[in-house]
Colleague: 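Here it is: the structure, laid out below.
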Amino acid sequence: MSDLKVGLAGLGTVGAAVLRMLARQEAEIAARTGRRIKVVAVAARDRAKDRGVDLSQVAWFDDPVALAREGEIDVFVELMGGEGDPAKAAVAAALDAGRSVVTANKALLARCGVELARRAEATGAALLFEAAVAGGIPVVKTLREAMEGNRLVRVSGILNGTCNYILTRMADEKLSFGVCLSEAQRLGYAEADPTFDIDGFDTAHKLALLTSLAFGTRVDAEAIYVEGIRQLTLEDLDAADDLGYKVKLLGVAVRTDAGIEQRVHPTMVPKHWPLAQVAGVTNAVALDGDAVDLTLVGPGAGGDATASAVVADLAEMARGARPFAFGMPAELLLPAERAPMQRHEGGYYIRLAVLNRPGTAAIIAGRMADQNISLESIVQRRPVGLKAEPETANVILITYATTEEAVRRAIAAIEAEGVVASLPQVIRIEKD
Ligand SMILES: NC(=O)C1=CN([C@@H]2O[C@H](COP(=O)(O)OP(=O)(O)OC[C@H]3O[C@@H](n4cnc5c(N)ncnc54)[C@H](O)[C@@H]3O)[C@@H](O)[C@H]2O)C=CC1
Ligand SMILES: N[C@@H](CC=O)C(=O)O
Ligand code: NA
């Protein structure tokens with residue numbers, strides 16, 4: 001059989017790792033798939049940089065779109081990143097020319113995944129993106145191929161390695177947010193613009209793709225309620241620990257009577273839950289079907305972990321597989337009814353920095369009661385480092401199950417009483 005000729009645009013953390021992995025595994029992959037996978041052309045900004053492989057026989061393109069459109073290739077691999085051009089133009093050019101595409105670019109797919117899937121179908125090309133969701137975990141393939149017999153009810157998990165790395169090191173080693181983020185960047189986990197990670201958008205992009213694969217709906221990132229981890233303090237992580245929880249940034253998509261609820265936010269999970277044990281750059285995705293519940297755990301970011309998924313997609317292409325990008329023809333994907341976040345139900349952690357005055361606790365309890373919110377606990381914690389009688393105190397409330405709407409109303413009513421000194425912290429709780 002002829003070689004599978006690959007053109008690769010973007011030779012950064014993931015692109016360079018893909019080159020090295022293909023070189024390392026060449027014979028093994030050829031034995032398994034019956035074809036050699038050969039990178040014959042690349043587009044990269046820095047020709048001089050050492051990527052640990054010999055690129056002297058490879059054609060260089062300055063313009064990734066030209067590589068995608070004109071390169072003598074069977075498959076175009078997009079590893080530049082970015083939700084717009086040149087990534088979008090290059091992927092579209094390859095698909096329009098009937099060349100299959102492998103990409104790790106969840107930002108691009110979350111914005112125009114359905115459009116790109118349509119382009120692929122129009123020319124008979126494939127669009128594979130295992131690396132775009134939870135790095136090395138084969139969750140896209142699992143949802144596309146292995147859960148057909150199930151009606152999925154919920155898809156959830158830790159989908160961002162950078163955030164889980166930051167939260168783990170902050171909680172375990174009491175390191176500052178900034179130190180942990182810099183380390184995640186140094187290790188190649190973070191996006192080129194790390195605000196995508198820490199403000200929750202990267203998790204939302206991945207969740208949007210999982211939702212489409214799981215529920216057969218059109219990718220709809222706009223429908224996702226998103227909060228990141230930037231506002232979390234060591235004090236919150238400590239308080240959660242004292243209460244028997246770990247804080248994780250979760251992405252959750254769940255069928256409800258009102259439609260599909262999609263949300264990304266820091267979440268307190270009981271310490272004994274397997275999810276709470278998922279540490280560092282590791283990701284975990286739970287797929288809850290009517291017949292099978294399963295959880296996939298593995299490395300969510302980093303060069304080799306992500307390259308593993310890119311190379312698996314290339315091997316699938318070498319075998320001749322041409323699956324639909326989202327598991328079914330794009331025209332059959334349905335628009336999903338959006339369940340509004342205000343109707344979300346669950347427990348809540350609420351930290352209020354309040355003026356240290358008699359009667360404040362009664363005001364808080366009263367406004368909560370007005371909204372029919374039952375409190376599991378109410379604790380006053382002295383702000384970290386303060387020894388003298390403080391002017392403000394942190395009051396931490398844990399609620400029993402209630403609605404987002406009730407919590408927001410109660411907090412607004414407490415703020416209106418003039419006893420709150422700074423913005424309240426709200427963390428949703430998942431319980432047994
Ligand atoms: N780093 C990770 O752990 C993971 C990354 N991804 C995704 O993989 C993609 C690549 O990520 P990284 O390798 O981490 O990024 P990176 O920033 O290390 O590499 C991107 C490379 O693309 C090059 N590039 C950008 N624009 C270009 C252009 N116009 N022409 C030629 N080259 C261009 C850059 O110079 C850089 O070398 C992104 O879409 C990212 O979201 C997905 C999963 C995990
Ligand atoms: N920045 C992302 C990379 C993988 O998708 C992450 O940290 O998870
Ligand atoms: Na994956």
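When a ligand or atom number is given, it counts from 1 through the structure's own listing order. Bear in mind that the values here come from a model prediction, so they are computed numbers and not experimental data.
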Colleague: Return the option from Ala44, Pro86, Ala87 holding the heavy atom at the smallest distance from atom 31 (C) of ligand 1.
Modeller: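 Minimum heavy-atom distance to atom 31 (C) of ligand 1 goes to Ala44.
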Colleague: Please check if the number of heavy atoms outside Glu148 that lie under 6.0 Å from its CD is greater than 12.
Modeller: yes
Colleague: Could you tell me which atoms of ligand 2, counted from 1 in the order shown, lie closer than 4.0 angstrom to a heavy atom of Tyr189?
Modeller: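 Near Tyr189, meaning under 4.0 Å from one of its heavy atoms, ligand 2 has 1 (N), 2 (C), 3 (C), 6 (C), 7 (O).
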Colleague: Would you call Glu316 and Arg322 a salt bridge, taking side-chain N to carboxylate O under 4.0 Å as the test?
Modeller: no
Colleague: In terms of residue, atom name and distance, what is the protein heavy atom nearest to atom 19 (O) of ligand 1?
Modeller: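 Of every protein heavy atom, Gly12 CA, 3.3 Å lies nearest to atom 19 (O) of ligand 1.
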Colleague: Is there a heavy atom in Lys106 that sits closer than 4.0 Å to ligand 1?
Modeller: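 Yes.
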Colleague: Any N or O of Ala190 that comes nearer than 3.5 Å to an N or O of ligand 1?
Modeller: no
Colleague: For Glu404 and Tyr348, which I'm curious about, is there any donor-acceptor pair between the side chains at under 3.5 Å?
Modeller: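 Per modelled atom types, Glu404 and Tyr348 side chains form a pair under 3.5 Å.
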Colleague: Checking Asp199 side chain against Phe201 main chain: does a donor-acceptor pair fall under 3.5 Å?
Modeller: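 Not confirmed, Asp199 side chain does not pair with Phe201 backbone.
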Colleague: Minimum heavy-atom separation for Met170 to Leu232, with atom names?
Modeller: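 It is CE-O, 4.1 Å.
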Colleague: Check contact between Gly188 and ligand 1, using heavy atoms of the residue and a distance below 4.0 angstrom.
Modeller: yes
Colleague: With no hydrogens and no angle check, is any side-chain donor or acceptor of Arg218 less than 3.5 Å from a backbone partner on Leu333?
Modeller: yes
Colleague: Going by the atom numbers of ligand 1, which of them fall below 4.0 Å from some non-hydrogen atom of Asn105?
Modeller: 39 (O)
Colleague: Please determine if Arg45 has a nitrogen or oxygen closer than 3.5 Å to a nitrogen or oxygen of ligand 1.
Modeller: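 Yes, there is a polar N/O contact under 3.5 Å.
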Colleague: Write out the residue and atom name of the closest protein heavy atom to atom 39 (O) of ligand 1, then the distance separating them to 0.1 Å.
Modeller: Gly81 CA, 3.2 Å
Colleague: Which of these, Arg20, Arg32, Arg36, sits in a salt bridge (Lys or Arg N to Asp or Glu O under 4.0 Å) with Glu26?
Modeller: Arg36
Colleague: In terms of residue, atom name and distance, what is the protein heavy atom nearest to atom 41 (O) of ligand 1?
Modeller: Glu191 OE1, 2.6 Å
Colleague: Less than 3.5 Å between some nitrogen or oxygen of Asp197 and one of ligand 2, yes or no?
Modeller: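 There is such a contact, yes.
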Colleague: When Lys248 is tested against each of Asn164, Asn160, Thr267 for side chain to side chain donor-acceptor pair (under 3.5 Å), which residue passes?
Modeller: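 Among Asn164, Asn160, Thr267, the one that satisfies the side chain to side chain donor-acceptor pair (under 3.5 Å) with Lys248 is Asn164.
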Colleague: In terms of residue, atom name and distance, what is the protein heavy atom nearest to atom 8 (O) of ligand 1?
Modeller: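 Result: Ala104 CB, 3.5 Å.
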Colleague: Could you tell me whether any N, O or S atom belonging to Gly135 is less than 3.0 Å from the Na ion (ligand 3)?
Modeller: yes
Colleague: Treating Arg119 as the side-chain partner and Asp96 as the backbone partner, does any N or O pair qualify as donor plus acceptor under 3.5 Å?
Modeller: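 No, Arg119 side chain to Asp96 backbone: no donor-acceptor pair under 3.5 Å.
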Colleague: Nearest non-hydrogen contact with atom 5 (C) of ligand 1 belongs to which option: Leu108, Val14, Thr13?
Modeller: Val14
Colleague: Starting from atom 3 (O) of ligand 1, which protein heavy atom do you reach first, and at what distance in Å?
Modeller: Gly302 N, 2.6 Å
Colleague: Is the closest heavy-atom distance from Pro64 to ligand 1 below 4.0 Å?
Modeller: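 Yes; Pro64 lies near enough to ligand 1 that a heavy-atom distance drops under 4.0 Å.
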Colleague: Is Val133 close enough to the Na ion (ligand 3) that one of its N, O or S atoms comes in under 3.0 Å?
Modeller: yes
Colleague: For atom 17 (O) of ligand 1, what's the nearest protein heavy atom and its distance?
Modeller: Ala192 CB, 4.5 Å
Colleague: What residue and heavy atom of the protein are closest to atom 33 (C) of ligand 1, and at what distance?
Modeller: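 The protein heavy atom lying closest is Met80 CG, 3.8 Å.
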Colleague: Run the numbers for me: atoms of ligand 2, each under 4.0 Å from some heavy atom of Lys206, listed by number.
Modeller: 2 (C), 4 (C), 5 (O), 6 (C), 8 (O)
Colleague: Are any of the side-chain nitrogens in Asp241 or Lys271 under 4.0 Å away from the carboxylate oxygens of its partner?
Modeller: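 A salt bridge is present here (some side-chain N lies under 4.0 Å from a carboxylate O).
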Colleague: Quick one: does Ala301 get an N or O within less than 3.5 Å of an N or O on ligand 1?
Modeller: no
Colleague: Can you tell which part of Thr306 has a heavy atom less than 4.0 Å from ligand 1: side chain, backbone, both or neither?
Modeller: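 The part of Thr306 near ligand 1 is the side chain, not the backbone.
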Colleague: Mind checking the CD1-OG1 spacing from Ile158 to Thr203? Nearest 0.5 Å is all I need.
Modeller: 10.0 Å
Colleague: Tell me which protein heavy atom sits closest to atom 8 (O) of ligand 2, plus the residue, atom name and distance to 0.1 Å.
Modeller: Gly161 N, 2.7 Å
Colleague: Heavy-atom contacts under 4.0 Å between Asp202 and ligand 2: side chain, backbone, both, or neither?
Modeller: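 Only the side chain of Asp202 comes within reach of ligand 2.
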Colleague: Taking both backbone and side-chain atoms of Ala190, is any N or O found less than 3.5 Å from an N or O belonging to ligand 2?
Modeller: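 No; the residue has no nitrogen or oxygen that sits under 3.5 Å from a nitrogen or oxygen of the ligand.
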Colleague: I'd like to check which ligand 2 atoms, numbered from 1 as shown, lie under 4.0 Å from a non-hydrogen atom of Ala301.
Modeller: 3 (C), 4 (C), 6 (C), 7 (O), 8 (O)
Colleague: Give me the residue, atom name and distance of the protein heavy atom closest to atom 23 (C) of ligand 1.
Modeller: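 Its nearest protein heavy-atom neighbour is Gly10 CA, 4.0 Å.
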Colleague: Is the Na ion (ligand 3) under 3.0 Å from any N, O or S atom of Ala131?
Modeller: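 Checking the Na ion (ligand 3) against Ala131, no N, O or S atom falls under 3.0 Å.
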Colleague: Given Leu79, Leu11, Asp202, Asp62, identify the one with the heavy atom nearest to atom 9 (C) of ligand 1.
Modeller: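 Checking each option, the heavy atom nearest atom 9 (C) of ligand 1 is found in Leu79.
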Colleague: State yes or no: are the ring centers of Phe326 and Phe129 separated by less than 6.0 Å?
Modeller: yes
